[in-house]
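Lettering of chains follows the sequences in order, A, B, ..., and the numbering in each one begins at 1.
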Amino acid sequence: MIFEQLSGNLLQGLVLGSVYGMATMGLSLIFGVLQVVNVGHGAFIMVGAFTSLMMFQAAGVPPVLAIPVAFAIGMALGMLFYFGALKPLVSPSGSGIKSLDMRAVGMGAGILVALLVVMRFLSAAFKLHFAITLFVAIIFLYGFLLYIYGGRRQDKAPELATLLVTFSIGVILEESVKQLFTSEARGFNWAIGKLDLGVTVLPYTKLIASFGSLTIAVLLYLWFRKTRAGMAMRSVVEDDVGARVCGVNVDWQYALSFSLGIGLTVTSGVLLTMFIPVGINPYMGGPYTLKSFVIAVLGGLASPYGAFFGGLVFGLVENGSYTLFAQFQGLEPFAMTRFFSFVMLLVILLLRPTGLLKVK
Amino acid sequence: MKKRGLILLVVPFLAIAFFVAPAHAVDSIVIGHPAALSGSYAKAGEQAVGGVQAAVDWVNSVYGGVNVGGKKVPLVYKYYDCESKKESVTSLLERLITTDKVTVTFAPYSSGLTLAGAPVAEKYGIVYMDHGGASDKIFTQGFEYVVQTIGPGSSYHVGTLEMVKKIAPDVKRVALAYEDSEFARSVMDGAEAKARELGFEVVFKRTYPMKVEDLTPLLSDLKASDPEIVIGGGHFQDGQLFNKQMADLDINVKLLSLIAAATLPAFGEALGDLAEGVMGPSHWEYGVTFSEEGAKAAGMTWIGPSQDEYVALFKKAVGKDMLPDYHAAEASAQVLALVLAVEKSDSVDSDVLRKTLGDLTFMSFYGGWDIDDTGKQIGHSMVNVQWQKGERKIIWPEDAQTAKPVFPKPDFE
Amino acid sequence: MMRPVRAYYPILPVLIGYGILFGIGQMVPGKWQLISQLAFFCALGQAFNLFMGMTGYVDFGYVAFLGVGTYGMAVSIYYLFDKGLGLTMIVIGMILAAVFSTLLSLAVGAVALRLRGAYFAIATIGVNEGFRFLIEGARIWNGSDGMIFSRHMKTAFGRETAMALSMKWADVIVFGVAFLAAVMTLLYMRNKVGYALTALREDEDAAKVMGINVTRYKLIAFITSAILAGLLGASAWALKLTYVYPTDVFAIHYTVEAIIIVLLGGAGTLLGPIVGGLIYGVSKYYLAIVLPGFQLMIFAPIIIMIIVLFPEGTVGILKKRVFGTPLEKFII
Amino acid sequence: MLKVEKLESGYGPMQVLWGPNLQAEAGAITSILGPNGAGKSTLLWTILGGVTARRGKVVFEGNDVTELPAHRKVDLGITLVPEGKHLFKEMTVYENLVMGAYRKEALAEKEKTLDLIYSLFPILAERRNQKSGTLSGGQQQMVTIGRSLMTKPKLIMMDEPSQGLAPKLIMEIFETVERLKEEVGLTILLVEQNAAASLDAADYVYVMHEGTIKAEGTPEVIKASDEIREAYLGI
Amino acid sequence: MSLLRVENVTKRFGGLVAVDDMSFEIRHGELMAIVGPNGAGKTTMFNLINGVFPADEGRIIFEDVDVTRYPAYKRAHLGIGRTFQIPRPFASATVRENIAIGGMFGAAGSEISVDRAMELADHYIDIIGLKEHRDKPAGGLTPVEKKLVEIARALAMKPRLLLMDEAMAGMNPKDIDEMVAFIREIRDTEGIAIVSMVEHIMRAVAGLAERVIVMHQGALLVDEPTQEALSDPRVIEVYLGQPPEEAHA
């Protein structure tokens, strides 16, 4: 009985784990190349889920076909945020940024205060438009300042800054999607049958999601191993000085790997909707961010394939440990599986910070 | 140097000018609301703000204002966004009370945020109306100004179990699977007590964490316990997940009832056929047949728009094609309660208002409204809705029925 | 050990800053809650800065210390309210908060302080989330049901006192914690601890070779910072709001707020968290009022702008400006 | 072939190069000598474009290429054998070499260049499928040189190729450098601290110190000048 | 009695033997050089002596205390000081603070107050002649100035043994001569043993050291007084990078 449940859970865990693994590959790729932990990771998954949802609802496009669209959206978002926010912090080349003088600071602060004072007396109806205008104005102001001051700093990317910038990017995405689609939890129903295995039941959509994840992981692996572009990115990860003398445009590789990472993450959002096509809302990403951190560490923070493997392990452990904890009275097994996975994270960070795969 | 000195002089003045806001007109009744428009409770917060606005519009344009002190004064609605954060609730609430001089305050969504604001309201002795904090414990804390419109959590699944008892007395095996949150837990405790009282056998009782992404392990466990009816849920997102994954795992039961999620329009939209036969307890539902005639027959005061008028008002208020759900209806009913209380007592004094609210009973499109001594809502009964052919039908209580319950629910195909 | 008084001049602007804040809160009617919220942000920044700013380690799970501190006070009131202890209970609560946060920081320190950079940040997130799920999963202290103890406080102290405790004295304690945090920061800066932390922030290996027991000094800063956070949780959250839910107190966005505050003001400076806390608190408050529902959308790009264009923070820039002027010795 | 005019550059607030002038003639070995910290590596990186020039000019084959980024310089046929190897340690020897042929023109001649490299360093052919991180120091240096050759450069700059190698290997490296000049016809700009060996191999020598050129001349001239040897070379 | 005794110390990194069964002694107040080509294991040997990482095998005894398992900071308290090849001052701290940190936490650290350490720092700033840079952040100094700050910082620790990692690298011969004189002076005034590590600069070794240890591929090749060591054919082979027959010729 317990054995049956355990094997059913493990099987489900394996299938889910492959999707989790895929969802973490982008995070690992970005960390591997830029040494940036993308705290806004979950928001990009959310964007993917919305892409899938919108395409299904608007045109009845099955999620499988939404994958290339999501990937393209992800790449575009990646480029946008890389050049808009991250490049000044992580770009390996160039000399220092001029620091802004106090007049500019004063002027900026003055404009903002003036805007706030004006807005205080605005009626509610204008607030939406005003907020959007203000948002756009800030973006433009920012772009303008970035253009003037060239934005490159001397010190190496401080974690603090990159953590906060990626977090803010996540917030921008969440809030924009909220304004566009409200915070309603949505979903769609794409049913194409199920596979009954006795110990558990697996809908074909889940199997496709899992298979899709595996395919993308394999494709990424091949891309890294066999193509010129993939080799270039690997070379940057391994040694950017070496890559530079080979004629690789390292700056561009940074941009490319960030947007590829985001592309993969957004794509994984589509795969997740194949697995779970419901509960899609602007704030759905948070838990995935945390999970992805654990998974990425399991696989070695900087390794995309490690991440895939980590996803499988995570799926197995999380689902498997449920059955274990369910044997104890007075515990809430589900919460305990979460506790357990974070304990696992700490243990791995302590004993094997390079991940489970890598042999010392 | 001189210029800098000047700035140093001017800045504090500006700051003070900014802090001390202009006084507001006294001849209106102002509702202050630190709403949760972003953050974790943004969805419910958006509904609530729309609901209050809709009711305020109705009062001002249809009802003609609030009759107090011999003249009709308009209702004014002031809301800020607390971002679902507790510190913001206190500071914004105080601002509403002191700077904006509101007549009455509304609590933000969720029991936690409601609790966060309660001490401030108590300190200023202003009525604090709770439309989104369902915890029974709020009303055991000795707050004097907190008044609840939403029904207490422990009553959510009571009607569901009573229904099963009545229409299928031989069904015994109940599984409880709720979200691990304070609200869902109070529902679960109430349901468990009621189930035991009615002689059900509780074969499964588990919770799952908030913001869960995958319920498979729990549901496999649930499946193994072979229940006949499953009740549970917690929020909007996990409810959809619950239903979807039950279908994925082919867990077919005679009844599935989910709190919060199943009663919302988005539930059916998201799940399509899979929602067929799924039930949920609700405070209010589009389709509930509360009417002015019914109220008169029951000998109760009636106020407010009819249901259809209300839906139109709501859509106008939010400016989107969005249907109101019970979060909105609760907030609206609260406005109506306020209007009646002000008119009845002919006063805007907080203590008088609070006392009048305590004595008030009325009916609106939302249903009955009555509170006990502690401020807890006791006059409102839940309805049970069921998804039937893509529509939400009210199936229980019998006198509110818009359709007969489908029992047992059809299997997932 | 003590240095000449002149070395402690920078506490004056801090004192003045908090004094003005406190004064406005007392004098302008109806602003006390805002002021106490600002004080909370300043204190949060000060406490966070004490570790992060001085060592360069980013503790992303910092909010866990506020969380256990909140539980410290909550446990004291919830379980002791009928023992007739009176206000001693608050003292016990504060002590429990300090003890809980010390214990947690020792545990985290033992595990995570060996890690650096992103690994440290992720490990601390893990501690925060893990702790929350442990409380929920093992049903510790009522699990997810949380503890609501407004009634307990009224029973123990009487209605008036209970009210004054949560609506006034809790905030006064927050001010106290904020000031204490500033004093600790300056004390550390002016004594060996500060030099050791500077050294290890700049180059941990070189610091070891200089004879600095880096683990010890990291732990000192970490524990101090954690205790301050615990006290802050006990006062600003438990005593003031009279309830605690695990999801509420282990919410990671408070860590993000702390980071924003410190960065706005300038990491590693004494005055920075106050300036950052004020800027953050005031702009957040007014954005919530003028643009309810949109403030995060407006705020997020501003944050990015500030981080990219002003990495040193307000006080960092100010420090450069006053270098060589008489103001120099007041501002660090 | 390469002309550097009054080049200035540095890192952040620190200026390292203070306007050195130098020339590298086609098909010759030009050697830059000088103590550690003289700015030799910075000079090479500024020529390649990895460090931005602040003032001055880099002229390659008659074109001003000062502003071009590193990857564009590699396209033009300038490459660098960096100090400290900077191999892709997790990749095999073969993959490392192929990485060198990253630019399209180089890729077309991949096989030919590989043959050349394997004939220069037969051991690399044997170890082609071994991860480069597991090679010995000397073999790693061979891979580094090979990798740079794979870019099909016209000008190859070598930063301390003999650093940390056993004497026998140092000799081998210098032999290879001379073969590259004679058999492949490459222009070589060599930075070395091993003054003796470097003087033997070079056609023309610059002595660099504190970011400027202090002396120049044929190896014979430099060797003959006790003053230069005493003051800058320590031999 | 010797100040420091290294007994059969071995250190491996993965498969690579970085230091292979080294044994030698350092006497009180002597000037010694460890010489060898890059990769010979000199830096590893330094790291083993001052405890950046522990030895795999063997013992290290400092003034009769077995410090083999001591962490770096404890060895510093006992009196082992150290400078790095590429200077590593604490960039954001001022020159004065940098040097004071050495005093505060070094051998006499427990008895020295912050103010005393500052005075000590002023003393050493005078010695290295960087008075005009006293209150500047050390990150903005030139490499040579950084090196001096680092030496002063190490001296402020009041060590009995000072390990100098390539103190003369990157200097021109004139500077080298000055540095050599400076080091000798320090030895005399402070009465400490100084071990310097040298890779290339022959004149420095000849002028500075009284005794030379030559390392080759992790192992001890020669341990002799300077003049003998410099004319030893084995040394000429590995160190001068020339085969013995040419050197003899």
Side-chain angles (χ1 to χ4, degrees), chain A residues 28 32-33 87-88 91-99 150-157 221-256 300 302-306 354-355 357-360, chain D residues 9-15 41 44-45 48-54 69-92 95-107 110 131-133 143-144 147-148 150-153 156-159:
Chain A
S28 294
V33 181
K87 184 167 186 284
S91 173
S93 68
S95 46
I97 182 175
K98 284 184 259 174
S99 78
R152 271 191 198 148
R153 53 207 265 176
Q154 321 141 12
D155 47 349
K156 282 180 70 190
Y221 182 83
L222 292 176
W223 185 79
F224 266 124
R225 295 276 151 179
K226 302 291 173 201
T227 71
R228 194 168 153 266
M231 291 281 282
M233 197 172 289
R234 260 177 79 205
S235 72
V236 174
V237 176
E238 298 225 352
D239 195 313
D240 62 335
V241 171
R244 209 173 275 263
V245 300
C246 291
V248 176
N249 184 349
V250 174
D251 275 345
W252 175 246
Q253 289 299 326
Y254 269 47
L256 200 63
S303 153
Y305 336 114
T354 47
L357 268 186
K358 200 141 186 175
V359 186
K360 268 192 183 170
Chain D
S9 77
Y11 308 93
M14 201 168 83
Q15 179 151 349
S41 294
L44 296 193
W45 276 106
L48 190 70
V51 176
T52 319
R54 294 177 184 173
H71 62 103
R72 296 273 295 110
K73 297 262 176 64
V74 176
D75 283 346
L76 292 175
I78 307 177
T79 195
L80 175 65
V81 180
E83 181 188 5
K85 304 182 184 82
H86 292 284
L87 283 182
F88 311 123
K89 295 200 173 62
E90 295 292 309
M91 296 192 195
T92 64
E95 283 175 316
N96 264 282
L97 293 177
V98 171
M99 250 338 282
Y102 176 70
R103 44 186 292 254
K104 289 216 175 65
E105 299 82 349
L107 200 60
K110 189 178 89 179
K131 275 193 182 172
S132 67
V143 179
T144 319
R147 188 181 61 185
S148 292
M150 289 296 285
T151 66
K152 292 260 56 166
I156 188 163
M157 303 188 281
M158 296 193 178
D159 197 354

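Under the salt bridge (Lys or Arg N to Asp or Glu O under 4.0 Å) criterion, Lys131(D) pairs with Glu90(D), not counting sequence neighbours. For the salt bridge (Lys or Arg N to Asp or Glu O under 4.0 Å) test, residues two or more places apart in sequence or in another chain that qualify with Glu95(D) are Arg234(A). With sequence neighbours left out, Ser132(D) forms a side-chain hydrogen bond (donor to acceptor under 3.5 Å, both in side chains) with Asn96(D).
Of all heavy-atom pairs spanning Ala232(A) and Tyr102(D), the tightest one is CB-CE1, 3.3 Å. Of all heavy-atom pairs spanning Gly242(A) and Arg147(D), the tightest one is CA-NH2, 3.5 Å. Closest of all the heavy-atom pairs between Gly100(D) and Cys246(A) is CA-SG, 3.7 Å. Nearest approach of Leu80(D) to Val245(A), heavy atoms of both residues: O-CB, 3.3 Å.
Counting heavy-atom pairs under 4.5 Å between each of Pro153(D), Pro82(D), Ala101(D) and chain A puts Pro82(D) at the top.
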*Passes side-chain contact (heavy atoms from CB on, under 4.5 Å), Val250(A) versus His71(D)? Steps please.*
CA-CA 8 Å; Val250(A) 174; His71(D) 62 103; over 6 Å; no
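Annotation: side chain of Met91(D) is in contact with side chain of Ser235(A) (closest heavy-atom distance under 4.5 Å). Within the 4.5 Å cutoff, side-chain heavy atoms of Trp45(D) are placed close to those of Val241(A).
Residues of residues 224-231 of chain A lying within less than 4.5 angstrom of chain D, judged on heavy atoms, are Arg225(A), Arg228(A), Met231(A) in numerical order.
For a residue to count as touching a neighbouring chain, one of its non-hydrogen atoms must lie under 4.5 Å from one of that chain's; by this rule Ile78(D) does not touch chain A.
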